[in-house]
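The chain is numbered in sequence order, starting from 1.
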Amino acid sequence: MAPGVLVEPAVASESSRSLATVTADYDDTLRFYLNGTKVVLDSADPEVTLLEYLRGIGLTGTKLGCAEGGCGACTVVVSQYNPTTRKVYHASVNACLAPLVSVDGKHVITVEGIGSVKQPHPAQERIAKANGSQCGFCTPGIVMSLYALLRNNPEPTEHDVEEAFDGNLCRCTGYRPILDAAQSFSASKGCGKATANGGSGCCMEKGEGGGCCKNKAGTEEEPFIKFEPPEFIAYNPETELIFPPALHKHEFKPLAFGNKRKKWYRPVTLEQLLEIKSVYPSAKIIGGSTETQIEVKFKAMQYTVSVFVGDIPELRQYSFEDEYLEVGGNVVLTDLERIATKAIAHYGEARGQPFAAMLKQLRYFAGRQIRNVGTPAGNLATASPISDLNPVFMATNSVLIGKSAETTTELPMSEFFKGYRTTALPPDAIIASIRVPTAKPEREYIRAYKQAKRKDDDIAIVNAALRVRLSENNAVEDCSLIFGGMAPVTIAAKKATEFLVGKPWADLGTLEGVMNALEQDFDLRFGVPGGMATYRKSLALGFFYKFYHEVLSLLAGAEAEVDTEAIGEIERGISKGKKDHAVAKEYEQKILGKERNHVAAMKQCTGEAQYTDDIPPQRNELYGCLVLSTKAHARLLSVDPSAALELPGVADWVDHRDLPNPEANWWGAPRCDEVFFAVDEVYTAGQPIGIILADSAKQAEIAARAVKVEYEDLPAIFTIEEAIEKDSFFDHFRYIIRGDTEKGFAEADHVFTGVTRMGGQEHFYLETNACVVVPKPEDGEIEVFSSTQNPAETQSYVAQVCGVAANKVVTRVKRLGGGFGGKETRSVQLAGICAAAAKKTRRPVRCMLNRDEDIVTSGQRHPFLARWKVAVNKDGKLQALDADVFANAGWTQDLSAAVVDRSLSHSDGVYFIPNVHVRGRIAKTNTVSNTAFRGFGGPQGLFIAESYMEEVADRLGMPADKLREINMYKPGQTTHFNQELKDWYVPLMYKQVKEESAYEQRRAEIDEFNKTHKWNKRGLAIVPTKFGISFTALFLNQAGALVHIYHDGSVLLAHGGTEMGQGLHTKMIMVAAEALKVPQDSVFISETATNTVANASSTAASASSDLNGYAIWNACAQLNERLAPYREQYGPDAPMSKLASAAYFDRVNLSAQGFYKTPDIGYVWGPNTGQMFFYFTQGVAAAEVEIDTLTGDWTCRRADIKMDVGRSINPAIDYGQIEGAFVQGQGLFTTEELLWHRASGQMFTKGPGAYKIPGFRDIPQVFNVSLLKGVTWENLRTIQRSRGVGEPPLFLGSSVFFAIRDALKAARKQWGVEELLSLPSPATVERIRISCGDPIITRAKVEPQEGEKSFFVTI
């Protein structure tokens, strides 16, 4: 691989000398403020981003989540004087994209700068106390987005709050508690007594006379009074960090600094910029760096000369002229939003239509952090074919003003784009401004459209700006039909435009003619780059259909019938939700059963919580960068690191030859079938070949690209269907048989068959895999700091690659920034490689994977395919199930066998089927090795069950919810693997959810809505779940704990579970505090480590509270027994300090080791005997959606969830797990689609730009969660009689999928489509649209030519 794409100067070397002459007087010192302190940098590294600088000086609260500005983990606030508004603006920005040069003369504020655990900022405190932080890795960025909102507007509206986080992602919480915390600042909730803020109701709510008490003379009411729970600090804007007075007087000097590889220039006048461009036309112009930094990071582009233009006031002005708005090319998009709003007011609604169209596109344009730095000139110059603004500029006939040192050129937008990513801008010119003409005051109409995979912060699939000008008799005088995402450039639909001119708008023949012409304009082939040919074509047609009828509706006296249902788009309201906070009152104890905050929440909110890569650099430390295969299947002909080893700062290259023996290269659990380093062959794109070690992460990254790898391609298998065809399977085969299926099929009234397909899912934990390995000077000892769910297995394999016994290796885990199963086994790979490197060099080695590296090496949830046959009688009673279930394992087995096993055990759903025969196989393919993911095969098995239930119900003509009720297990019945159902409450919860959500009433309302709405359809579904709790591998169901009591009465607790946001440490501290009768804050967990609790099972299977909780209880029982004489002596309320001191002086052991193993379980496959699970966690969810069938867009209007978690140890933690799991499940079944690029065999969806987890505005608009209460759990023998809760709620997110399917059935019925709907998961916007069956999608359908294949592969 090349070291990088070097963008060479397009000028002779003498121009470089003249550039030096032009910039000879430029300053080389950066001056800015950081958290209130002045910083002067005389020798700034030109290649570091603001994030790298901050983390390099120890401000590690700001996190690296994706390096592409897509997750918001790196958000900081940059306060600056804004030359456009002439006010100080506090901009939230992505530090991972911001070049260091961009903060000169500004005030950078990080999460550490606004508060600490001892003195938190109200934003930090409220998010912590509202349970808005779980793993905490995303939290500092979310805190800073909220902080920016409050700094710019101390009294935001509810809508402002709802949209403040559009550039932030969270994988744990489900967003609801973060929004609840943030809404406590909104103006409509300003009274501390308001019920919305947890109070009893303010005087206005209670209807007390005399108006608001806050308006009465002499009343000093704080904006937020303190109340329990939680007790909030009042927000007072006057106590915020001030904008440093020195910066008001800061003189912006032209800057020039850099090194041999890279030079930065920062002109401060337009003249200086044009001077630079005149002598050095190829200089890279940087505005927000939102595109360039991604090119540098992921495409290995090297720009030798970059010019930052964000501090040139002349390029950030605007003016309202008579016929047009002129906007400076470098006005940031946030300001462009304000300018567009002002322009609408200035020119009036009719003439201001172009600006309304701009405003609409900007609303969903990336996230706020990007809009705070991105510019229209940058958007235009990069010439992206899916830019949201460019169609508007083209449709309005905008003119770009290009300036060079010699000339000013007017460039019409219609002539600007010359080809993919190329424009008509002269090399020595810059885009100085854009002139956007106003619309005509009458009879001109302009609208803009966009459809993306996810509503907020997403790039368009297709966008459009459509303009038409009509004569007095409504004939078309002029029009522009501009589309993005339909060609390599933003393009006009030429045939449609030519047809339209002169035609009468109100004639429906005009609509038909344009639709025909659009089909010719956009005659996409099936294998078109970017894929989705049918969908993209349908969007072009659908957008025009919407536009046509909207314009028609505005024409007075038009005779043609207006399709009013096509007008507009789905709008979300302000989201809200409720929980039952009194649910545990009937069984709560002194500590257990009470709602308590996550013990690390405040540390996480202030940036003080330490993650693996936050550990300060070790002395002599090296940074590793993996060299990964770029081929899906190939022979390795040669691997040559020599060029890399010659680069500055590079220390070594490590591969399989550096291990103690060939056997040490093999790893995997339970089958040892994977290698740390490829040897002679690679089996997937992303397989590690070796690791480069260097003095810095950047040097290692550059060197890794210089390692030359030669391949010989071999045939590759990607999909399950291909694996079946080629008989490519691992040897694992399991089955469950109950009854006689053949007899069941023969005697049943109906036998139906079907196929269920379910895609995989990327974990997208916000903290990627990270590891620091420290070799010790004696005895071959190794210390491993790893972001892992599995310290013991990490210890074992590190010992193996280092050639030492396990007792020489200590694995330490403080916390994980999310795991979800993705760090159960896959984290071992990085730890083993780093350990081998540390062993070879005898130096500490650190590596944190980039997001794209993490995704291609760490595996995903297994995609599944099931071929099923179901027997059912006329009354709806199921009689038999036969199914072949296939999982795509990838290139090694990893945990695939256990995943398939669990899917088989959950393929009954919650339904009694007397005759069952289900079989599971594992497909071997050349994709990344798939692994554990929250639910571990359970969601796949349950989805198969609910899919056949839905399809059987349709074939019987019966409502699916009735079929579910008819077949639901009853208490005491046994599953198909012969386990009796005890404490079985699914039927009860199903009934309660129906009642509490007014299900039947809403069903009737939705049916009526669907009858009266042609294009928008609503759907409703209710889905139950049961999830077996226990590891299916018997030996893993054990746990240990170690409890120390010190003289002062404080307690140190260690157990084998890791904290990854699920609140395990919080619950375990509560268990210990309750058991020892001490206050919760006197119990502390330092870390999880293999030298305190040995041989621990991985933190997985939702069993960690059960296992570790009882181990802790066991240790505490031993200590209580030893302390009993002292409690008797000093009284039951004596403090632990007194008891411990007395016991110590009597030489009583104050340490105890606890142990627990799950009783009763031990299933035997084949004979179908023994108990598989200790118990089942159960739940029910009902969801309602609305879809726009013209675009595939949708929203979840409401979700009601009820879970049976037994007697909750901590309801606040459990609610967080339920909300987070539900939203993660919603993503699994809707927006999260994994794609492979067919031609290269590489994964396409490698980061937030292409892979879409749900965002803040994707959660249910009404999100209600409750826990089952008022029942007894007589057979539940767990700690506190609680149930595991981490995984079970995830499948309930499928209720959104099945609600979408319900809405699609209504759409198809309307168009007379009687064919059964078999909808694969996920139900993406594309799949929704192409399933609608309407005439537009029918005419848009693109069929493959002979031999033609799709651009992308779904595995």
Side-chain angles (χ1 to χ4, degrees), residues 49-51 65-78 89 91-99 102 138 141-142 144-145 148-149 160 162-170 286-295 297-298 310 330-340 357-393 448-463 465 484-485 490 851 1231 1247-1258:
T49 60
L50 176 58
L51 176 66
C66 69
E68 58 179 88
C71 72
C74 64
T75 303
V76 298
V77 170
V78 178
Y89 179 67
S92 54
V93 304
N94 295 117
C96 73
L97 299 180
S102 68
C138 67
I142 287 168
M144 294 313 291
S145 287
L149 173 72
D160 292 336
E162 189 90 0
E163 297 206 326
F165 305 104
D166 59 2
N168 294 85
L169 294 175
C170 170
I286 307 290
S289 195
T290 56
E291 178 106 359
T292 308
Q293 184 55 33
I294 291 170
E295 291 176 342
K297 183 78 176 174
F298 297 108
N330 227 45
V331 164
V332 297
L333 299 178
T334 292
D335 289 337
L336 189 59
E337 290 178 76
R338 299 191 187 102
I339 293 165
M358 283 165 54
L359 199 57
K360 183 183 175 189
Q361 298 303 73
L362 285 167
R363 182 180 174 192
Y364 299 116
F365 189 115
R368 176 59 63 197
Q369 295 92 320
I370 298 292
R371 297 199 296 277
N372 279 334
V373 297
T375 65
N379 226 259
L380 289 157
T382 54
S384 168
I386 50 173
S387 159
D388 294 332
L389 284 177
N390 293 349
V392 179
F393 292 143
Y449 303 90
K450 172 183 177 177
Q451 186 58 48
K453 292 182 179 182
R454 185 180 66 202
K455 194 77 174 174
D456 274 316
D457 190 15
D458 196 3
I459 53 176
I461 296 168
V462 175
N463 51 30
T490 302
R851 177 64 57 188
T1231 57
Y1251 186 78
K1252 300 299 167 183
I1253 72 169
F1256 276 82
R1257 302 272 286 164
D1258 296 310

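Legend: residues meeting side-chain contact (heavy atoms from CB on, under 4.5 Å) with A1250, ordered by chain and number and at least two apart, are F1244, T1245. Remark: F165 engages F1256 in a ring-ring contact (aromatic ring centres under 6.0 Å, His included) (not counting sequence neighbours). Residues meeting the side-chain contact (heavy atoms from CB on, under 4.5 Å) test with S289, sequence neighbours left out: P99, I286, T292, Q293. By the side chain to side chain donor-acceptor pair (under 3.5 Å) test, T490 pairs with no residue at all, sequence neighbours left out. Residues forming a side-chain contact (heavy atoms from CB on, under 4.5 Å) with V77 (at least two apart in sequence, or on another chain): S79, H90, I109, M144, Y147, A148. Taking C71 as the reference, C66, A73, L169, L766 meet the side-chain contact (heavy atoms from CB on, under 4.5 Å) condition, with sequence neighbours excluded. With sequence neighbours left out, T334 forms a side chain to side chain donor-acceptor pair (under 3.5 Å) with R368, N372. D458 pairs by the salt bridge (Lys or Arg N to Asp or Glu O under 4.0 Å) definition with K1252, not counting sequence neighbours. In this view, K360 and E569 satisfy the side chain to side chain donor-acceptor pair (under 3.5 Å) rule, not counting sequence neighbours. Under the side chain to side chain donor-acceptor pair (under 3.5 Å) criterion, N390 pairs with S387, not counting sequence neighbours. Partners of Y449 by ring-ring contact (aromatic ring centres under 6.0 Å, His included), not counting sequence neighbours, listed by chain and number: F543.
Residue pairs meeting the salt bridge (charged side-chain N to carboxylate O under 4.0 Å, His left out) criterion with at least one member in residues 370-390, sequence neighbours excluded: D166-R371, E337-R371, D388-K450.
Listed for the N94 side chain is no donor-acceptor partner under 3.5 Å among the backbone atoms of E68. The backbone N or O of V392 lies less than 3.5 Å from no partner atom in the side chain of Q361, so there is not a single donor-acceptor pair. Judged purely by atom type and a 3.5 angstrom limit, R1257 has no side-chain atom pairing as donor or acceptor with the backbone of E163.
Closest of all the heavy-atom pairs between T75 and S92 is CG2-CB, 3.8 Å. Nearest heavy atoms, C96 versus C74: N-SG, 3.4 Å. Closest approach of P391 to G484, counting heavy atoms only: CG-N, 4.3 Å. Considering all non-hydrogen atoms of both residues, S145 and N168 come closest at OG-OD1, 2.6 Å. Of all heavy-atom pairs between R851 and G1247, the closest is CG-CA, 4.1 Å.
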Criterion side-chain contact (heavy atoms from CB on, under 4.5 Å) on L333 and L389, from CA distance to verdict: CA-CA 10 Å; L333 299 178; L389 284 177; 3.8 Å; yes

Decide yes or no on side-chain contact (heavy atoms from CB on, under 4.5 Å) for T1231 and D1258, but give the supporting numbers first. CA-CA 10 Å; T1231 57; D1258 296 310; 5.6 Å; no

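For the atom pair CD1 of I459 and CZ of R454, the computed distance is 10.5 Å after rounding to the nearest 0.5 Å.
Checked by atom type, the side-chain pair E291/N379 shows no donor-acceptor distance below 3.5 Å.
Using a 4.5 Å heavy-atom cutoff, the side chains of V93 and V76 are in contact.
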